[in-house]
Number of protein chains: 2
Amino acid sequence: MASKLFKEKGYSAVTMRDIAAGINIKAASLYNHISGKQEILSAIILNVAKEFTVGMDGVIAKKGSAIEKIERVIELHIDITVNYSEALASLNNDWMHLQKNDLAEFIKMRERYEENFRSIIKQGIASNELKPNHPEVILFSIFSTLRTLYLWYEKRGKLDVNILKKDMVSVLIKGII
Amino acid sequence: MASKLFKEKGYSAVTMRDIAAGINIKAASLYNHISGKQEILSAIILNVAKEFTVGMDGVIAKKGSAIEKIERVIELHIDITVNYSEALASLNNDWMHLQKNDLAEFIKMRERYEENFRSIIKQGIASNELKPNHPEVILFSIFSTLRTLYLWYEKRGKLDVNILKKDMVSVLIKGII
DNA sequence: GTTCAAAACTAACAATTGTTAGTTATAAAT
DNA sequence: ATTTATAACTAACAATTGTTAGTTTTGAAC
């Protein structure tokens with residue numbers, strides 16, 4: 001419920017009274033369940049960040065071509081988007097409002113995730129599976145598409161997940177020509 | 001200066017005192033120059049939104065293949081990103097904090113822009129320039145990559161614009177294989 | 001050197017913020 | 001029926017918010 005409000009207006013613009021009203025209680029009653037506003041944000045963000053970390057670790061662990069691994073990363077993102085659509089808004093837009101320890105943990109996970117993705121692309125270029133484009137551009141292109149998928153998934157009427165996976169793999173890997 | 005703060009923490013988390021401190025004056029002094037916080041936000045967002053609108057209108061007006069038009073759209077986004085990097089953060093993340101009239105104007109511009117982009121893709125599919133993928137997936141893929149370019153452009157040490165354009169066109173249109 | 005508009009300042013405001021203290025309602029277990 | 005833990009409530013707090021009022025400083029034009 002809080003994550004839905006955070007998605008709509010951003011963490012800073014949502015008040016404890018807003019969150020409480022969303023579940024028909026008063027703001028003070030929230031403190032019977034949580035320690036404060038920050039805890040809500042970090043629960044939302046770190047939970048989904050861990051999903052990404054675990055998922056990416058799984059992709060890296062399995063053997064396979066770079067293309068196969070990229071396909072699995074695309075599927076991972078789509079699955080998480082379907083299950084955590086609102087949390088992804090906070091992860092993308094409000095991570096900077098995490099406090100010290102949570103912020104450090106988040107940044108560490110994000111860096112590790114990105115580095116893993118980068119290693120897959122480098123593997124693909126080394127094995128001639130991928131065009132010798134600048135790896136950063138490939139990384140950025142795929143990454144940013146997957147990152148903002150949550151904005152589209154709902155707007156476009158909850159497309160069928162399997163069709164979406166196939167289309168995304170096709171467009172992102174083989175291009176649009 | 002305000003746009004830089006908005007990019008870092010988001011509109012709602014930035015106070016008038018923050019903005020004033022950024023230019024070494026007191027908050028009250030800001031009101032000698034502007035009517036309020038909202039005006040800052042709408043100036044930032046609507047200005048860059050108009051750049052997109054004018055640019056896209058230019059692309060649509062010129063004759064050319066769908067691929068050529070998509071290339072020009074990519075170049076348009078890169079040019080705007082280079083010149084308005086901070087404003088793009090507000091446009092992407094804080095547009096919902098615009099007030100009534102400004103919000104309506106923004107949404108109208110965004111819809112028109114998107115519709116123009118969609119028409120280019122449809123033209124490309126009709127003329128067999130593009131693969132018969134679902135147009136929405138192509139639109140979303142290119143769009144979201146361009147949309148978040150501002151996050152990468154600075155982090156990656158201000159890449160050379162012309163090289164970036166070529167790489168982006170290659171990756172987004174021809175794919176990574 | 002006086003004038004005068006632009007733009008800075010101090011001080012304060014009403015409203016809203018996250019949070020705490022203390023109290024009451026709920027409902028399962030004895 | 002009494003107890004007891006859970007979770008709701010009211011009321012209030014200190015801090016911070018955007019903004020206004022009134023005053024002083026600045027600096028170019030005369």
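Below, chain A is the first sequence line, B the second, and so on; all start at residue 1.
One interatomic measurement links the two molecules: CG of B/Asn32 to C1' of D/dT25, which rounds to 12 Å at whole-angstrom precision. Atom-to-atom, CG of A/Asp18 to C1' of C/dT17 comes out at 11 Å; the value is rounded to the nearest Å. We find that CZ of A/Arg17 is positioned 9 Å from C1' of C/dT19, with the value rounded to whole Å. The distance between atom CE of B/Met16 and atom P of C/dA11, rounded to the nearest whole Å, is 20 Å. In this entry the distance linking CD1 of B/Ile25 with P of D/dT25 reads 18 Å, nearest Å. Note: NE2 (B/His97) to P (D/dG18) measures 12 Å, nearest angstrom. One interatomic measurement links the two molecules: OH of A/Tyr11 to P of C/dT17, which rounds to 13 Å at whole-angstrom precision. The interatomic distance linking B/Leu41 (CG) with D/dG18 (P) rounds to 12 Å, in whole Å.
Defined by atom type and a distance below 3.5 Å, a donor-acceptor pair is missing between the side-chain atoms of A/Ser144 and B/Ser144.
For A/Ala28, the side-chain atoms get nearest to C/dA21 when compared with the rest of C/dG18, C/dT10, C/dA21. Among the nucleotides C/dT10, C/dT17, D/dG18, the one closest to the side chain of B/Lys26 is C/dT10.
Between A/His33 and B/Tyr31, it is A/His33 whose nearest contact on DNA chain D lies nearer the 5' terminus.
Across all strands shown, A/Ser29 has heavy atoms under 4.0 Å from base atoms, whether or not it also approaches the sugar-phosphate.
Here the two rings, on A/Phe143 and A/Tyr113, have centers that are under 6.0 Å apart.
Not one N or O on the side chain of B/Asn116 forms a donor-acceptor pair closer than 3.5 Å with the backbone of B/Met56.
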One pair to check against side-chain hydrogen bond (donor to acceptor under 3.5 Å, both in side chains): A/Ser170 and A/Asp167. What are the steps and the verdict? CA-CA 5 Å; A/Ser170 168; A/Asp167 280 351; 6.0 Å; no
